[in-house]
Asks: 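Have a look at this one.
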Amino acid sequence: MKTIEEINQKIRDGDAVVVTAAEMTRIVAENGPMDAAKEVDVVTTGTFGAMCSSGAFLNFGHSDPPIKMSRTYLNGVEAYSGLAAVDAYIGATQPNRDPDIGLDYGGSHVIEDLIRGKEVELVAEAYGTDCYPLKNVETLISLETINQAVMVNPRNCYQNYAVAVNSTQETLYTYMGTLLPNYGNVTYSSAGELSPLLNDPYFQTIGVGTRIFLCGAEGYIVGEGTQHSTEAERRNGVPVSPSGTLMLKGNMKEMDPEYVRGATMPRYGPTLYVGAGIPIPVLNEDIAASTGISDEDIVCRVIDYGVPGRSRPVVKETNYKELKSGKIEINGMEVPASPLSSIRRALKIAEELKSWIERGDFLLTEPVKRLPSRSATRPLEIRRPSIMVRELESKPVIITHQEDDLKDVARKMVDNNINHIPVVDSEGVLRGIVTSWDIADAVARGKRKLRDIMTRKVVVARENEPVDVVARRIDKYNISGLPIVDDENRVKGIVTAEDISRLIGKVDNRGESI
């Protein structure tokens with residue numbers, strides 16, 4: 001029905017009809033895609049969320065005498081310097097080299113500080129050459145004093161990212177935020193009907209060279225992002241699992257700090273909140289229908305992050321209308337749902353981009369190449385697979401029950417030379433755990449009932465988990481052992497720090513590693 005050049009001419013003439021994706025949803029619902037395609041010229045989208053795969057190329061300029069930087073630090077955050085003499089790439093998730101700061105201030109915070117106009121400490125080291133004799137530099141830089149600062153984000157704007165939940169009994173700290181135990185909360189990271197790649201799910205208008213809104217400035221799509229994948233099940237044309245991604249670039253010197261934020265996910269690390277908006281030219285009825293999709297029509301999957309593997313189980317399917325209501329139902333329970341991205345700011349980005357186009361300050365671009373429509377990701381092949389918990393050599397597990405006398409429990413520990421006993425019910429399902437220290441403490445306090453001293457929230461190991469994951473869990477909670485359970489939470493054994501140490505010793509003696 002239309003071409004991009006025809007729409008651009010309407011923009012120049014001030015006649016273009018521009019609406020946000022939220023407005024387009026209502027227009028299509030009321031008038032249908034055919035009439036919407038005739039009425040609307042451009043639909044603006046927006047998203048503002050944590051996008052870990054982000055960063056910036058910086059050129060500091062040559063010093064006198066000159067230096068060939070081999071190690072570069074910005075406010076204590078290392079930037080990669082294997083590019084040229086005074087170029088560096090700072091990644092958003094790089095932590096601070098100061099252990100007292102660590103994850104609290106990283107690459108994302110440096111990027112935000114630069115965009116805010118702040119001065120940043122530059123410390124550089126070099127090995128020295130005849131043409132670059134200087135070996136050390138310590139100075140202050142800002143966006144005004146360096147030559148170039150180009151944000152280049154390898155993977156942004158994920159198409160329908162997963163919804164996260166945690167089925168285990170321990171709190172998990174992830175890139176999807178803090179996940180409470182026993183399905184205590186749900187987190188998601190998408191703007192739903194406002195999200196760019198959900199409004200053009202088949203990349204009919206989005207491609208290499210597309211001009212976009214990036215952190216308050218004009219930016220461009222470089223191409224498909226890393227992990228770009230299109231081989232996913234679709235509902236209403238939209239993938240129900242993470243699929244397409246974009247690689248983006250923009251000039252940091254033109255960006256607005258309102259649309260970029262350095263942040264830290266607790267115990268996970270730094271991440272960069274990126275504001276991106278993409279204009280969708282309504283060229284025909286099909287595109288009008290795609291841009292009219294509603295939150296209720298966007299199906300997404302709730303994934304159990306309690307399983308430490310690449311292929312995590314799907315707990316259920318939901319949609320963004322339900323998620324945005326603030327709660328969803330899981331196993332008959334009402335679970336609070338919260339966004340990691342800002343819906344309010346996503347809408348503001350779409351409205352800001354709309355105003356740019358209406359003023360004639362922003363023209364659309366014809367992609368020089370479409371993004372791949374047939375693409376799949378492959379997992380990393382580990383040539384030396386991890387040893388799984390089920391492969392551990394373990395003795396028959398000694399168990400006890402809540403009704404057992406403390407003296408009998410203590411006798412079991414002494415007779416079997418053990419320090420941990422899982423507490424189970426009549427069907428062997430784990431109900432708690434008791435340690436030799438618990439017994440000693442009970443005697444000191446005059447307690448006699450096992451149910452009064454056992455730990456009910458038990459950190460466990462599962463049979464299908466790698467041993468190194470369990471070792472990290474033992475270190476994380478500063479415990480000496482944990483029960484091994486199956487999918488029904490029945491106790492199958494117990495693994496201790498000593499068991500893992502012996503295993504590592506055996507493996508190291510063979511010249512391998514777990």
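The shown structure was predicted, so the numbers you read here are calculated from the model rather than taken from an experiment.
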Asks: Can you confirm if the NZ or CZ of Arg234 lies within 45° of the ring axis of Tyr202 and under 6.0 Å from the centre of its six-membered ring?
Replies: yes
Asks: Considering residues at least two apart in sequence or located in another chain, which fulfil the salt bridge (charged side-chain N to carboxylate O under 4.0 Å, His left out) criterion with Glu317?
Replies: Arg235, Arg301
Asks: Going by salt bridge (charged side-chain N to carboxylate O under 4.0 Å, His left out), name the residues that satisfy it together with Lys118, two or more places apart in sequence or in a different chain.
Replies: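 Counting only residues at least two positions away or on another chain, Lys118 forms a salt bridge (charged side-chain N to carboxylate O under 4.0 Å, His left out) with Asp113.
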Asks: Suppose we screen for ring pair (Phe, Tyr, Trp, His ring centres under 6.0 Å). Which residues come up paired with Tyr89, at least two apart in sequence or across chains?
Replies: Phe57
Asks: Hey, could you give me each pair passing side-chain hydrogen bond (donor to acceptor under 3.5 Å, both in side chains) that has a residue in residues 322-339? Not counting sequence neighbours.
Replies: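 Residue pairs with at least one partner in residues 322-339: Asp295-Lys324, Thr318-Glu322.
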Asks: Quick one: list whatever passes side chain to side chain donor-acceptor pair (under 3.5 Å) with Glu463, sequence neighbours left out.
Replies: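 By the side chain to side chain donor-acceptor pair (under 3.5 Å) rule, Glu463 matches no residue at all.
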Asks: Checking Arg431 now: which residues fulfil side chain to side chain donor-acceptor pair (under 3.5 Å) with it, not counting sequence neighbours?
Replies: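 Only Asp425 meet the side chain to side chain donor-acceptor pair (under 3.5 Å) criterion with Arg431.
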Asks: Suppose we screen for side chain to side chain donor-acceptor pair (under 3.5 Å). Which residues come up paired with Glu6, at least two apart in sequence or across chains?
Replies: none
Asks: Within 45 degrees of the ring normal and closer than 6.0 Å to the centroid, is that where the cationic atom of Arg345 sits relative to Phe48?
Replies: yes
Asks: Taking side-chain hydrogen bond (donor to acceptor under 3.5 Å, both in side chains) as the cut-off, I'd like each qualifying pair that reaches into residues 170-194, sequence neighbours left out, listed once.
Replies: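 Those involving residues 170-194 are Tyr161-Tyr175, Glu170-Arg473, Glu170-Tyr477, Tyr175-Tyr305.
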Asks: Quick one: ring pair (Phe, Tyr, Trp, His ring centres under 6.0 Å) partners of Phe213, sequence neighbours excluded?
Replies: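 Tyr259, Trp356.
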Asks: What residues form a salt bridge (charged side-chain N to carboxylate O under 4.0 Å, His left out) with Asp361, not counting sequence neighbours?
Replies: Arg359
Asks: Just jot down the ring pair (Phe, Tyr, Trp, His ring centres under 6.0 Å) partners of Tyr105, sequence neighbours excluded, or say none.
Replies: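 Once residues adjacent in sequence are excluded, the partners of Tyr105 under the ring pair (Phe, Tyr, Trp, His ring centres under 6.0 Å) criterion are His109.
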Asks: Tell me every residue that passes salt bridge (charged side-chain N to carboxylate O under 4.0 Å, His left out) with Glu285, counting only those two or more places apart in sequence or in another chain.
Replies: none
Asks: Can Ser290 and Asp200 be counted as having a side-chain donor-acceptor contact under 3.5 angstrom?
Replies: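 No.
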